[in-house]
Amino acid sequence: MKDTTTLETPVEATQEPIEKKEGVIIFKKPYVFEGTTFMHIDLSGIDELTGEDLLEADRVYSAGGNMSPIPELSMGYAFAIAANVLKQPTQFFDKLPAKEAIIVKNTVITFLNA
């Protein structure tokens, strides 16, 4: 059963409190990307991905000049998949604090290996 307890997270006056649920990553500090402030990201939509989405992630990963014998374990591939879920460019993750970046990677890897 999923825990949907409301989280006590500092939010901007215009943001609603978010609920704790699987796939939601709450940032320790606000993260600004292209002028928009994010307090969290929601990767719960990862369950809705299709084979086409994974192929697109492969294309994005390869187009970035990345190579790995096991791309499913790489940060770049995880970011390509997460970017698809969030409808953001992969550059969204470039300045994300390392701790949150690792949480994103682990969330995607857990999904791929489930």
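As the structure is a computational prediction, the values presented were derived from the model and not from experiment.
With rounding to the nearest 0.5 angstrom, the CD atom of E34 is 8.0 Å from the CD atom of Q91. How far CG of N84 is from CD of E48: 12.0 Å, rounded to the nearest 0.5 Å.
Considering all non-hydrogen atoms of both residues, P89 and F33 come closest at CG-CZ, 3.8 Å. Contact record, D42 with S44: OD1-OG, 2.6 Å, taken as the closest heavy-atom pair. Pairing each heavy atom of I26 with each of H40, the nearest pair is CA-CB, 3.9 Å. Taking both residues in full, the closest heavy atoms of M75 and A101 are given as SD-O, 3.9 Å, listed atom of the first, atom of the second, then distance. In terms of heavy atoms, V85 sits closest to G45 at CG1-C, 4.0 Å.
Residues meeting the side-chain hydrogen bond (donor to acceptor under 3.5 Å, both in side chains) test with N66, sequence neighbours left out: none. Taking S74 as the reference, Y61 meet the side-chain hydrogen bond (donor to acceptor under 3.5 Å, both in side chains) condition, with sequence neighbours excluded. With sequence neighbours excluded, no residue forms a salt bridge (charged side-chain N to carboxylate O under 4.0 Å, His left out) with D58. Legend: residues meeting side-chain hydrogen bond (donor to acceptor under 3.5 Å, both in side chains) with Y31, ordered by chain and number and at least two apart, are absent. Qualifying side-chain contact (heavy atoms from CB on, under 4.5 Å) partners for V104, counting only residues two or more places apart in sequence or in other chains: I25, I41, L43, F79, A82, F93, L96. Under the rule for a salt bridge (charged side-chain N to carboxylate O under 4.0 Å, His left out), the partners of E56 that lie at least two apart in sequence or sit in another chain are R59. Every residue meeting the side-chain contact (heavy atoms from CB on, under 4.5 Å) condition with T36, not counting sequence neighbours, appears here in chain and number order: F38.
For residues 92-114, no residue pair satisfies the side chain to side chain donor-acceptor pair (under 3.5 Å) rule, not counting sequence neighbours. Residue pairs meeting the ring pair (Phe, Tyr, Trp, His ring centres under 6.0 Å) criterion with at least one member in residues 95-114: none, sequence neighbours excluded.
In this structure, I103 and F27 have side chains that are not in contact, with every pair of non-hydrogen atoms separated by 4.5 Å or more.
The local environment of CD1 in I70 is sparse, with at most 12 non-hydrogen atoms from other residues, nucleotides or ligands closer than 6.0 Å.
Side-chain heavy atoms closer than 4.5 Å link hydrophobic residues (I, L, V, M, F, W, Y) into clusters, and following such links, possibly through other members, connects V108 to L86. At a threshold of 4.5 Å between side-chain heavy atoms, the hydrophobic network of Ile, Leu, Val, Met, Phe, Trp and Tyr places L73 and I81 in two separate groups.
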